[in-house]
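Below is one structure, written out as structure tokens; the observations come after it.
Numbering of residues begins at 1 and proceeds along the displayed sequence.
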Amino acid sequence: MPIDWDKLRVFHAVAEAGSFTHAGETLNLSQSAVSRQIQALEEALTVPLFHRHARGLILTEQGETLNRTVREVFAKLAMTEALLTESRERPAGRLKVTTTTGFGSAWLAPRLRRMLDTHPEISVTLLLDDSDLDLAMREADVAIRMHPPKQPDLIQRHIATFGWRVCGSAAYLKATGIPQRVEDLDAHRLIVYGDYRPPIDNINWLSEAGRRPGTPRRAAIEINSLPGMLEAVRSGLGLAALPDYIGGHFDDLVQVLPGVKAPRIEAFFVYPEEMRHSKRVSVFRDFLVAELANTGH
């Protein structure tokens with residue numbers, strides 16, 4: 001007998017949520033209704049799909065196999081639906097954009113108004129995440145990444161090269177003195193991102209600048225958020241290297257060691273092959289390129 005689509009939708013929600021209760025909240029169904037649908041699906045397939053534990057549900061091997069296919073099918077359906085609902089004449093509909101918390105909050109969010117003023121029929125969902133969301137699985141439509149894409153099946157365009165600025169607050173530098181050479185950083189408190197899923201290659205370069213390889217300075221604090229690092233610098237905690245796309249947010253800070261040798265940040269605009277002909281994607285790409293040109297990148 002053919003598998004019921006509604007049961008597959010319920011199964012997928014349960015597999016992603018890990019419990020009947022949470023899946024029911026997502027689907028607006030009672031826990032018992034969700035449980036009945038899963039039981040009926042298991043009976044129809046004559047295989048168990050979940051191990052039931054006191055702490056929740058775990059997919060069986062057969063459940064994992066089914067969920068991989070179901071996740072892919074629903075991702076493709078969502079992408080197809082988005083493309084079908086887009087107007088033939090003008091770009092319209094929702095565009096899910098993902099990028100890093102630093103670039104998204106400091107550079108992109110303040111500029112989006114200009115695109116939406118020009119294209120009011122587009123609505124944007126901005127997903128700020130320092131780890132890479134899976135575009136093939138429709139976690140987002142397009143991404144702006146601060147490193148070359150690791151997935152080989154994505155369309156990519158290099159859109160900008162950014163540098164870094166080493167900054168501190170005026171109060172901190174008045175108390176500690178301004179470093180004149182990179183070796184002077186040994187006497188300063190450093191604020192770094194740390195090793196937790198860094199969104200930019202060599203993001204902690206300041207801790208090793210002017211040191212022998214493999215002998216980094218000890219950081220005073222690690223913060224896995226560039227906006228968080230910026231606020232720590234503002235508070236007078238110490239010095240940090242921040243990407244220059246933070247831009248106007250540097251106004252109340254003092255730049256030090258302007259000639260220090262730093263890695264470059266290569267930014268890419270990335271999207272799946274299925275979105276190649278989407279008007280929303282092309283409009284957003286053109287907006288990005290124009291805005292980056294206006295800011296000198």
Side-chain angles (χ1 to χ4, degrees), residues 99-108 130-132 144-150 156-269 292-297:
T99 190
T100 62
T101 54
F103 185 79
S105 58
W107 190 92
L108 182 56
D130 282 347
S131 57
D132 291 353
I144 303 157
R145 298 206 168 129
M146 301 300 148
H147 58 76
K150 297 178 174 67
Q156 55 177 283
R157 173 175 177 174
H158 182 271
I159 53 172
T161 299
F162 297 105
W164 298 83
R165 300 186 206 183
V166 183
C167 295
S169 71
Y172 171 81
L173 291 167
K174 184 177 180 182
T176 61
I178 296 175
Q180 303 300 319
R181 304 174 309 137
V182 71
E183 291 78 11
D184 295 344
L185 292 172
D186 291 354
H188 284 268
R189 289 197 306 235
L190 296 190
I191 302 159
V192 303
Y193 188 95
D195 296 326
Y196 184 77
R197 298 179 185 174
I200 302 171
D201 294 337
N202 302 313
I203 196 169
N204 299 314
W205 65 270
L206 191 64
S207 63
E208 295 203 11
R211 306 271 291 194
R212 288 200 321 276
T215 60
R217 299 174 182 87
R218 187 180 66 83
I221 185 171
E222 295 181 356
I223 307 176
N224 71 324
S225 159
L226 285 169
M229 289 170 64
L230 174 65
E231 292 309 314
V233 174
R234 281 204 173 114
S235 77
L237 195 155
L239 302 177
L242 297 166
D244 59 19
Y245 53 70
I246 303 288
H249 297 267
F250 286 119
D251 291 349
D252 56 343
L253 300 178
V254 179
Q255 184 177 2
V256 301
L257 300 172
V260 66
K261 185 179 178 184
R264 309 301 286 175
I265 303 168
E266 305 299 341
F268 293 82
F269 181 63
L292 287 163
N294 289 338
T295 53
H297 294 289

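Between the side chain of D130 and the backbone N or O of P199 there is no donor-acceptor pair closer than 3.5 Å. With E266 contributing its side chain and R264 its backbone, the two residues share no donor-acceptor pair below 3.5 Å. A donor-acceptor pair under 3.5 Å links the side-chain atoms of R189 to the main chain of L237, judged by distance alone.
When all heavy atoms of V233 and A240 are compared, the pair lying nearest together is CG2-CB, 3.5 Å. Nearest heavy-atom pair across G163 and I265 is O-CD1, 4.1 Å. Residues A267 and F162 share a closest heavy-atom pair of CB-CE1, 3.8 Å. Closest of all the heavy-atom pairs between Y193 and P198 is CE2-CA, 3.6 Å. Scanning all heavy atoms of the two residues, the minimum distance from G210 to V182 falls at CA-CG1, 3.8 Å. For S169 against G236, the heavy-atom pair with the smallest separation is OG-CA, 3.3 Å.
Classification of E208 and R211 as a salt-bridged pair fails, no side-chain N sitting under 4.0 Å from a carboxylate O.
Taking the six-membered ring for Trp and thresholds of 30 and 60 degrees, Y172 and H188 have ring planes inclined between 30 and 60 degrees apart.
Note: L185 CG to L257 CG = 5.5 Å, rounded to the nearest 0.5 Å. Taking OG of S207 as the start and CD1 of I191 as the end, the distance is 13.0 Å to the nearest 0.5 Å. For the atom pair CG (L239) and SG (C167), the distance works out to 9.0 Å, reported to the nearest 0.5 Å.
The number of heavy-atom neighbours closer than 6.0 Å to CZ of R197, taken from other residues, nucleotides and ligands shown, is 12 or below.
Between H147 and the options N202, D201, D132, a side-chain hydrogen bond (donor to acceptor under 3.5 Å, both in side chains) holds for only D132.
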